[in-house]
**Q** 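Please find one structure pasted underneath; my questions will follow.
Computed over heavy atoms, backbone and side chain alike; hydrogens, waters and symmetry mates excluded. One-based numbering, in listed order, for ligands and for the atoms of each.
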Amino acid sequence: MEMKIVLDLIEREQIPECEPERQYYFMDIAQRYVKQLAAQKGSPLTFHVTTFGCQMNARDSEKLIGILEHIGYVRTDTEEADFSVYNTCTVRENANNKVYGRLGGLNNAKKKNPFMMIGLCGCMMQEPSVLEKLQESYRFVNLIFGTHNIYKFAELIVTAMENSFLAQPSKKGSRMTIDIWEDTDKIVEDLPVERKYFFKSGVNIMFGCNNFCSYCIVPYVRGRERSREPQEIIREIERLVADGVVEIMLLGQNVNSYGKNLKEPMTFAQLLTEIEKIEGLRRIRFMTSHPKDLSDELIEVMKNSKKVCRHLHLPLQSGSSRILNIMNRRYDKEHYLALVDKLRAAVPDIALTTDIIVGFPGETEEDFLETMDVVRRVRYDSAFTFLYSKRTGTPAASMEDQVPEHVAKERFDRLLKEVQKIGAEKAGSLTGQTLPVLVEEVNEQDATLVTGRLDNNSVVHLEGTADMIGTIQNVELMSCKGFYYIGKAVD
Ligand code: SAH
Ligand code: SF4
Ligand code: F3S
């Protein structure tokens with residue numbers, strides 16, 4: 001028997017115009033709707049957020065979860081929840097395919113659960129062709145929004161609930177709620193945000209990207225670069241620290257160009273110096289750094305800082321100056337290698353990681369060997385390697401000389417092997433030393449062990465108990481197995 005859901009419309013009075021007040025107003029309405037639905041269901045409504053993509057998306061998901069919890073949804077481990085949200089990524093084609101593939105499963109779950117809503121957001125939604133396809137073949141999706149209006153989630157939920165559950169949907173004939181913006185210059189502060197770990201947290205320092213690397217879709221789906229005010233960032237971190245956080249990860253597509261568009265411009269190095277002063281904060285990480293904007297000033301701050309971790313993720317993309325030029329990266333092989341030398345001279349133990357793309361249009365065997373050369377010279381601790389993926393709308397997509405798949409794949413395999421070989425050789429280089437480890441969790445396989453990280457991001461297992469989570473221990477690194485250390489806490 002099909003269950004009939006009755007939602008009593010809550011009338012709006014004097015909707016606040018300012019943010020974040022407006023969103024708190026809608027959270028209140030959403031909370032009342034959730035109560036109405038839960039009463040009919042006879043149990044609390046559940047939610048699940050699935051994150052695809054990068055750390056930026058992961059942080060956005062924490063914002064979605066913060067709001068869902070605030071309005072009374074209860075978290076569950078399964079995607080087949082009363083509200084299932086996919087926060088999508090579109091950086092490579094296979095990211096999109098994954099989403100389409102899994103939506104069918106969600107639809108089956110929805111057929112069995114009249115309370116279920118499906119939401120889609122994130123980078124993929126910013127592509128017009130995706131929206132067209134969803135409108136045509138995925139009519140069961142309740143709510144679609146993009147990257148620029150995520151702060152309006154509460155308001156969007158209210159509209160989606162009314163469109164989905166009121167007897168007469170406000171838009172006749174359609175129960176889909178769609179709101180996608182092309183761009184925004186707005187940054188809304190002080191909305192609820194979930195904390196996955198009590199001892200560490202990501203902190204956005206900027207949004208968007210202005211670099212337009214010729215293969216990359218991010219500037220099109222995340223909009224222009226805009227920095228948060230330093231006072232807002234410091235205030236957020238101070239609150240987090242008061243709440244038990246000891247490690248933060250500053251997030252942006254290119255943190256090295258932080259502050260350029262502020263009313264009172266400020267450099268990333270200056271921001272780090274300010275954050276360093278926050279008492280109680282122990283570790284500062286950041287990502288991602290673009291080699292073209294990595295300044296001497298920043299290297300100096302990293303050298304002198306007691307809190308900035310000795311790890312840098314410095315995407316190379318290609319070792320060939322010719323390809324880097326066509327990629328619009330605005331540095332060449334020599335500049336990159338010189339940067340690495342400078343970094344290592346200033347911070348000798350620094351761990352270096354990178355991103356590399358294989359098979360960019362026009363890449364020859366010679367170009368590829370340049371990439372291998374940089375990999376061998378820099379000797380990365382680890383590297384993310386990607387097969388070039390054609391993204392419609394980017395300049396590279398219409399370049400001639402697309403590299404045949406089998407050629408790219410063969411190069412990819414060679415590169416991966418080299419990266420792994422070097423990574424394995426480098427692992428364990430700190431064995432014998434005693435170093436601080438931030439304990440993060442009880443080991444999944446062996447409950448007598450806890451697992452944590454060195455400031456260079458290496459993983460360490462040591463004997464311990466759950467009460468050590470969130471503390472920084474001095475650990476003697478006794479041996480190295482594969483890519484992680486076995487250590488012993490010492491006083
Ligand atoms: N802003 C960051 C990274 C953003 S995307 C930076 O500039 O480093 C993460 C990584 O995905 C990139 O570093 C790049 O290596 C990879 N990537 C981006 N577009 C791609 C494409 N079209 N095909 C394959 N890999 C891509
Ligand atoms: Fe993409 Fe380049 Fe911007 Fe990174 S810097 S997000 S690779 S355009
Ligand atoms: Fe993907 Fe968007 Fe991040 S496209 S990599 S989730 S910025």
**Q** Starting from atom 6 (C) of ligand 1, what is the nearest protein heavy atom, named by residue and atom, and what distance separates them?
**A** Thr288 CG2, 3.8 Å
**Q** Closest non-hydrogen protein atom to atom 8 (S) of ligand 2, residue and atom name please, with distance?
**A** Cys213 N, 3.3 Å
**Q** For the residue pair Tyr331 and Tyr336, does the interplanar ring angle fall in the parallel (under 30°), tilted (30 to 60°) or perpendicular (over 60°) class?
**A** tilted
**Q** Indicate the atoms forming the closest heavy-atom contact of Val188 with Tyr151, along with that distance.
**A** CG2-CD1, 3.4 Å
**Q** Provide the closest heavy-atom pair for Ser61 versus Val49 in the form atom of the first, atom of the second, distance.
**A** OG-CG1, 3.6 Å
**Q** Could you find the nearest protein heavy atom to atom 5 (S) of ligand 1 and give me its residue, atom name and distance?
**A** Val91 CG2, 3.9 Å
**Q** At less than 2.8 Å, would any N/O/S atom of His290, backbone or side chain, sit next to atom 3 (Fe) of ligand 2?
**A** no
**Q** For Lys390 and ligand 1, does the shortest N/O to N/O distance drop below 3.5 Å?
**A** no
**Q** Tell me the closest heavy-atom pair linking Asp179 and Asn149, and the distance in Å.
**A** O-ND2, 2.9 Å
**Q** Listing residue and atom name, which protein N/O/S atoms are closer to atom 2 (Fe) of ligand 3 than 2.8 Å?
**A** Cys123 SG
**Q** Salt bridge between Lys409 and Asp413, side-chain N to carboxylate O under 4.0 Å?
**A** yes
**Q** Is Glu189 salt-bridged to Arg239, going by a charged N under 4.0 Å from an acidic O?
**A** no
**Q** Can you pull out the closest protein heavy atom to atom 10 (C) of ligand 1? Residue, atom name and distance to 0.1 Å, please.
**A** Asp355 OD2, 3.4 Å
**Q** Considering only non-hydrogen protein atoms, determine which one is nearest to atom 8 (O) of ligand 1 and report residue, atom name and distance to 0.1 Å.
**A** Pro315 CG, 3.0 Å
**Q** Among all protein heavy atoms in this structure, tell me which lies nearest to atom 24 (C) of ligand 1, with the distance rounded to 0.1 Å.
**A** Leu387 O, 3.4 Å
**Q** Which heavy atom of the protein is the closest neighbour of atom 14 (C) of ligand 1, given with residue, atom name and distance?
**A** Gln317 OE1, 3.4 Å
**Q** Which protein heavy atom lies closest to atom 4 (C) of ligand 1, and at what distance to 0.1 Å?
**A** Gln253 OE1, 3.5 Å
**Q** Any idea which protein heavy atom is nearest atom 22 (N) of ligand 1, and the distance to it?
**A** Ser389 O, 2.8 Å
**Q** When you compare the side chains of Ser84 and His48, does any donor N or O come within less than 3.5 Å of an acceptor on the partner?
**A** no
**Q** Is there any N or O on Tyr215 that sits under 3.5 Å from an N or O of ligand 1?
**A** yes
**Q** Within a distance under 4.0 Å of any heavy atom of Arg391, pick out the atoms of ligand 1 and give their elements.
**A** 22 (N)
**Q** Salt bridge check: are Lys196 and Glu62 linked by an N-O gap of less than 4.0 Å?
**A** no
**Q** Gln253 heavy atoms, cut-off 4.0 Å: which ligand 3 atoms fall inside?
**A** 7 (S)
**Q** Examine distances only and state if a side-chain atom of Arg329 and a backbone atom of Ile323 form a donor-acceptor pair shorter than 3.5 Å.
**A** no
**Q** Kindly give the heavy-atom pair with the smallest separation between Met399 and Pro361, and that separation in Å.
**A** CB-CB, 3.9 Å
**Q** Any side-chain donor-acceptor pair under 3.5 Å between Arg175 and Asn163?
**A** no
**Q** Aromatic ring centroids of Phe386 and Phe412 under 6.0 Å?
**A** no
**Q** Determine whether any heavy atom of Glu93 lies closer than 4.0 Å to an atom of ligand 1.
**A** no
**Q** Should the pair Tyr73 and Phe83 be assigned to parallel (<30°), tilted (30 to 60°) or perpendicular (>60°) ring geometry?
**A** tilted
**Q** Got a sec, which residues hit salt bridge (Lys or Arg N to Asp or Glu O under 4.0 Å) with Asp355, two or more places apart in sequence or on another chain?
**A** none
**Q** Report the member of Arg222, Lys292, Arg92 with the shortest heavy-atom distance to atom 17 (N) of ligand 1.
**A** Arg92
**Q** With heavy atoms only and a cut-off of under 4.0 Å, state how Arg329 meets ligand 2: side chain, backbone, both or neither.
**A** side chain
